[in-house]
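Every number for a ligand or one of its atoms is a count from 1 in the order of the listing. When reading the values below, keep in mind they use all heavy atoms of this one structure, side chains included, and skip hydrogens, waters and symmetry mates.
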Amino acid sequence: MSVRVRFAPSPTGFLHVGGLRTALYNYFFARQNNGKYVLRIEDTDRSRYVEGSVENLIKSLTWAGIEFDEGPHIGGEFGPYIQSERLEIYRYWAHHLVEIGCGFYAFDTSEELEQARSAYPHHEFKYERYKMRNQFTLGEKECKSLIEAGVPYVIRLKVPENEEVRFVDIIRGEIVVNTKEVDDQILLKSDGYPTYHLANVVDDHLMKITHIIRGEEWLPSVPKHILLYKAFGWEIPRMAHLPLLLNKDKTKLSKRQGDVAVEDYIEKGYFPDAFVNFIALLGWNPTSDREIYAMEELIEKFQLEKVNKSGAIFDVVKLDAINAKYLYSKSPVDLAPQLRDWLTKRGKNGGKFSLAYLEKVVILLRERVKKLPDIIDFAPYMFEKPNSYDFDYFIKHWDDKVEVYLREILNFLKVIEDFNHHVLHEQITCYLSERQLKLKDIIHILRLAITGLSYGAGMFETMEVLGRQEVVERLEHFLEVVLPELRTKSNEKF
Ligand code: GLU
């Protein structure tokens, strides 16, 4: 039997990082088994539906490099792949369940249910089949006439009494639950929509899903699903429930402690391959001594049964470290156009910089940042003249003599033959030593004049990349305009 797996997100806004991991593990499993991968949109809970989220989900999955064989965006022989387009199918199977005695009609109003629920203040509510208003308490005839009169009804699962439901989870092993703990779950709501449980089971069956790989939060639903499969007489797919993702303090990964939407990480400038690499290792690792794996290798090495049972910590520091490694190993030629796009996205008109220039900027700064667009924040002076100057740094390093030296340095920068960092270093050092000075006597103010900041990459390398004309212009501007201002400010202060 050929492997068929699915990723079945609900369109409630965005792709959660835990959802991406589920999507990835399904993808690895499908590919390594030459199986088929289905994308199914579970949108039957209309109250949670968010406009545009299907497009967002597909965009984020595509960004991550996950490819599907069937889905709403590509079609396939088991479609439609959006549950709200399959309502007739669920209605059919819900009624079928009643016919075969495994489901029943119930007419309880929300007030009646509310009241019944209030009797369970401390533990989970269980529907009392022989007390509430339904097929059993009202009788077949009454039930039929209510339906004919158009009274709203739901269809519930008739959970067998005191039976053991057993299943083997690929990651967790055997799980046994007594039906005493299983509620007569609503399967078809009064608005004609199915609940998750019915739609999920019906679709997994009709779409011939062989393996269900999803988050641990769905584990409590499994007994209901098993009862449904058995009632329908359908084969039960194999199941694997993935461990939760946790914050650093081991609480469930939440928005309060950081970003949980894949989109946020795209926006921040993580590389898709680095992000996939990091996410794939949450809860599974092929070896203990390596952390960099390309998609192809992840597909080849993935072992579903080796996924951990315990929660996996989502550690952004580790993500940054992995991304930084990718940044360092990628070709600057490939990164230059990406940096140009980031500049434009950040309102800086990337088009005005040549790719050759951006390539040099990448080489100069890639070791100092974690993500490509961080270069823009870390070294804004590579893209525009400084518009402010670090005053404290100025106070700390200013000495009136420096002005004379800077003016002389400016003059020979204009004529120096090769404007590269070796020559700059050598000549400036030589000039200083003739005056019994050291590099540290001027380098800070030189940095301030050229970048406005107190930190950055090597000063001579930075000057080389900026080029002679730019460096000269900045130094002139500093000496003529900025310096008098900084001095006045410092006189006022001291
Ligand atoms: N629609 C569910 C979700 O949003 C899918 C659960 C499952 O994979 O069965 O995660």
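At least one heavy atom of Tyr196 lies less than 4.0 angstrom from ligand 1.
The protein heavy atom nearest to atom 5 (C) of ligand 1 is Ala8 O, 3.1 Å. Atom 8 (O) of ligand 1 has as its closest protein heavy atom Arg6 NH1, 2.6 Å. Protein heavy atom in closest approach to atom 1 (N) of ligand 1: Glu42 OE1, 2.6 Å. Ranking the protein heavy atoms by distance from atom 3 (C) of ligand 1 puts Trp218 CZ2, 3.4 Å first. Summary of contacts: the protein heavy atom closest to atom 4 (O) of ligand 1 is Ser10 OG, 3.1 Å.
Salt bridge Lys348/Glu384: present, at least one basic N to carboxylate O contact under 4.0 Å.
The closest side-chain donor-acceptor pair between Tyr265 and Ser60, if any, does not fall under 3.5 angstrom. Looking only at atom types and distance, the side chain of Glu42 has no donor-acceptor partner in the side chain of Tyr196 under 3.5 Å away. If you check the side chains of Asn308 and Ser310, you find no donor sitting under 3.5 Å from an acceptor.
Ring centroids of Tyr193 and Tyr90 are separated by 6.0 Å or more, keeping the two rings apart. Between Phe29 and Phe302, the distance from one ring center to the other does not fall under 6.0 angstrom.
Of the N or O atoms in Ile212, none lie within a sub-3.5 Å distance of an N or O in ligand 1.
When each atom of ligand 1 is checked for a heavy atom of Arg214 under 4.0 Å away, the hits are 7 (C), 8 (O), 9 (O). The ligand atoms of ligand 1 that sit less than 4.0 angstrom from a heavy atom of Asn200 are 7 (C), 9 (O).
With a 6.0 Å radius and a threshold of 12 heavy atoms from other residues, nucleotides or ligands, Lys306 has its NZ atom at or below the threshold.
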